[in-house]
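Remember, it's 1-based here, ligands and their atoms both numbered in the order they're listed.
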Amino acid sequence: MYAELNRASIATLVNDFYTDIRQEALLAPIFNGAIGGNWEPHLARMVDFWCSVMLASGEFKGDVYGKHMQIQGVEIEHFRRWLGLFEAHARRLFQPAVADEFMAAARRIAASLQYGYFGRVEVT
Ligand code: HEM
C-alpha cells in the first residue's frame, strides 16, 4: 500500500532517508562535517524543500547550489550512494509514477551539482 503524496508522507521520506544517510559509511562524515549534531533544522528544511518541489508549496527559499559548493570532499561515489538510497525510499513509499517524479527532480539537481563539483555529470 503506497502513501498518498502530502506533507506527512514527504516528512516520512525525508526522515527515513536521512536516518540511513547518517549510518552510511561514506555519506555520514560529509553530512556530519557540515551539519554537526544540528539535524533538526536540516530535516525541517528538507521537508520544506521537497514540499516545494512536489506540492508546489513555495515555502522553501535557499541557495541549494551555493551551499553544496561550500562542502569539501564530495566525490562521484557520494552521488551514486545518495541517489541509490533516495530512490530506495521513494520507491518503497510511493506509487511508481510519484517515485519517478521524485527521482526526476533529484537527478536534475544531482546533475547540476556534479557539474559544479567535477565539471561533468557521471551519475544520473
Ligand atoms: C553527494 C550528494 C549530496 C551530498 C553529500 C549533500 C550534502 C548536503 C549537506 C551537507 C547539506 C547541508 C549544507 C548546509 O546546511 O550548510 C545539504 C543541504 C541540502 N541539500 Fe544536499 N547533498 C547531496 C545531494 C543533494 C541532492 C541531489 C539534492 C536535491 C535533490 C540536495 C538538496 C539539498 C537541499 C535542498 C539542501 C538544503 C539547502 C539549504 O539549507 O538552503 N542535495 N546537502
Do Tyr117 and Ile71 have side chains that get closer than 4.5 Å, going by heavy atoms? yes
Which atoms of the protein, restricted to N, O or S, are nearer than 2.8 Å to atom 21 (Fe) of ligand 1? His68 NE2
Which residue owns the protein heavy atom closest to atom 9 (C) of ligand 1, what's the atom, and how far is it? Ile71 CD1, 3.4 Å
Indicate yes or no: at least one non-hydrogen side-chain atom of Ile109 is less than 4.5 angstrom from one of Phe49. yes
Would you call the rings of Trp82 and Phe86 parallel, tilted or perpendicular if under 30° counts as parallel and over 60° as perpendicular? parallel
Go through ligand 1 atom by atom and flag the ones less than 4.0 Å from a non-hydrogen atom of Ala110. 27 (C)
Under 4.0 Å from a heavy atom of Ile30: which atoms of ligand 1 are those, numbered in the order shown and with their elements? 5 (C)
Heavy-atom pairs closer than 4.0 Å: do any link ligand 1 to the side chain of Phe79, the backbone, both, or neither? both
Ligand 1 atoms in contact with Ala106 (distance to a heavy atom under 4.0 Å): 27 (C), 30 (C)
Could you go through the salt bridge (charged side-chain N to carboxylate O under 4.0 Å, His left out) check for Glu122 and Arg120 one step at a time? CA-CA 6 Å; Glu122 291 232 345; Arg120 65 187 196 283; 2.6 Å; yes
For ligand 1, which atoms sit closer than 4.0 Å to a heavy atom of Ala34? 10 (C)
List ligand 1 atoms under 4.0 Å from Trp50, heavy atoms only on the residue side. 30 (C)
Would you mind reporting whether Gln95 and Asp100 have side-chain heavy atoms less than 4.5 Å apart? no
Below 4.0 Å from ligand 1: does a non-hydrogen atom of Tyr65 turn up there or not? no
State if Met46 counts as touching ligand 1 under the rule of any non-hydrogen atom under 4.0 Å. yes
Can you pull out the closest protein heavy atom to atom 18 (C) of ligand 1? Residue, atom name and distance to 0.1 Å, please. His42 CE1, 3.5 Å
Give me the residue, atom name and distance of the protein heavy atom closest to atom 7 (C) of ligand 1. Phe31 CZ, 3.2 Å
Which residues pass the side chain to side chain donor-acceptor pair (under 3.5 Å) test with His89, sequence neighbours left out? Asp20, Arg92
Could you check atom 29 (C) of ligand 1 against the protein and tell me its nearest heavy-atom contact, residue, atom and distance included? Ile109 CG2, 3.4 Å
Considering only heavy atoms, does Tyr117 approach ligand 1 within less than 4.0 Å through its side chain, its backbone, both, or neither? neither
Heavy-atom distance under 4.5 Å between the side chains of Val74 and Leu113, does that happen here? no
Matching residue for Trp50 among Phe102, Phe94, Tyr18 - test: ring pair (Phe, Tyr, Trp, His ring centres under 6.0 Å): Phe102
Which one holds for Leu83 and ligand 1: side chain close, backbone close, both close, or neither close, with close meaning a heavy atom under 4.0 Å? neither
Below 4.0 angstrom from a heavy atom of His78, which ligand 1 atoms are there? Numbered from 1 as shown, please. 1 (C)
At under 4.0 Å between heavy atoms, which part of Phe60 makes contact with ligand 1: side chain, backbone, both or neither? side chain
Can you run down the side chain to side chain donor-acceptor pair (under 3.5 Å) pairs that involve residues 62-73, sequence neighbours left out, and say none if there aren't any? none
Could you tell me whether a side-chain N or O of Ser52 sits under 3.5 Å from a main-chain N or O of Ser57, the two making a donor and an acceptor? no
Does atom CZ of Phe118 have more than 12 heavy-atom neighbours, drawn from other residues, nucleotides or ligands, at distances under 6.0 Å? yes
Looking only at distance, does Arg45 have an N or O less than 3.5 Å from an N or O of ligand 1? yes
Under 4.5 Å between any side-chain heavy atoms of Thr124 and Arg108, yes or no? no
Here the gap from Leu93 atom CG to Leu5 atom CG, rounded to the nearest 0.5 Å, amounts to 11.0 Å
Could you pull out all residues at least two apart from Ser9 that satisfy side chain to side chain donor-acceptor pair (under 3.5 Å)? Asn6
